[in-house]
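Counting starts at 1 for both ligands and their atoms, in listed order. What you see below is based on every heavy atom in this structure, not just the backbone, and it leaves out hydrogens, waters and symmetry mates. Just so it is clear, the model here is predicted, and its values are computed rather than measured.
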Amino acid sequence: METFEHKTENESETWELAHQIASKLKPGDVLTLEGDLGAGKTTFTKGIAKGLGINQVVNSPTFTIIKEYQGDIPLYHMDVYRLDDESEELGLEEYFEGDGVSVIEWPTRITEQLPEERLDIQVAYRSEHERSFILMPRGDRYIELCKELEKK
Ligand code: ADP
Ligand code: MG
């Protein structure tokens with residue numbers, strides 16, 4: 001699988017990257033974020049939210065599993081870290097096929113329920129302020145999106 005790496009040197013560069021990605025997203029898109037605690041998954045999601053025209057404060061949904069935000073395009077922010085076997089009862093598919101962009105932190109718990117076409121992102125901690133975002137597009141649309149991102 002072709003991967004696309006973007007390094008950020010600080011939090012605002014992560015926002016900038018997320019903002020650029022957000023500008024290319026459309027309703028029904030699905031992004032997953034994997035990476036250790038403190039890597040920057042939620043920070044990245046805040047940048048996505050801003051880019052989707054969401055003015056509400058976005059914070060970690062760890063205790064609620066799914067949070068919905070209204071914007072130019074809605075955001076469905078999920079953190080399935082605490083999820084166990086009940087995940088199917090949440091009706092996640094309806095979100096994935098809905099009118100918003102879904103961003104899922106800790107997707108490994110629900111891999112089987114994810115759509116095949118999606119943008120998987122691995123967030124790696126490099127040093128106190130350095131992070132690496134490794135984009136792994138699944139499906140032509142997301143491959144195209146990643147290539148567009150590299151053009152600028
Ligand atoms: P996660 O959701 O992966 O647990 P968070 O986004 O909640 O991580 O936390 C990331 C922390 O790392 C924040 O305190 C943020 O300020 C800090 N940070 C430092 N450098 C960066 C960077 N380049 N990108 C994102 N976050 C960074
Ligand atoms: Mg988080």
Q: Could you walk me through whether M1 and R138 pass side chain to side chain contact (heavy atoms under 4.5 Å, CB included), step by step?
A: CA-CA 8 Å; M1 187 196 298; R138 295 174 177 273; 3.6 Å; yes

Practice task
Would you check if there is a donor-acceptor pair between the side chains of E5 and S132 at a distance under 3.5 Å?
Solution key: yes

- Is there a donor-acceptor pair closer than 3.5 Å between any side-chain N or O of R131 and the backbone N or O of E128? yes

Does V123 offer a backbone N or O that forms a donor-acceptor pair with the side chain of K41 under 3.5 Å?
no

Pocket residues around ligand 1 (non-hydrogen, under 4.0 Å) come out as T8, N10, E11, T14, D36, L37, G38, A39, G40, K41, T42, T43, E105, E128, H129, R131

Below 2.8 Å, any N, O or S contact between T45 and the Mg ion (ligand 2)? no

Return the orientation label for the Y95 and Y76 ring planes: parallel under 30°, perpendicular over 60°, tilted otherwise. perpendicular

**Message:** Is any side-chain heavy atom of H77 closer than 4.5 Å to one of E105?
**Reply:** yes

Query raised in the report: Can you tell if the side chain of D120 reaches within under 4.5 Å of the side chain of T32, non-hydrogen atoms only?
Result: yes

Restricting E105 to its N/O/S atoms, the closest one to the Mg ion (ligand 2) is OE1

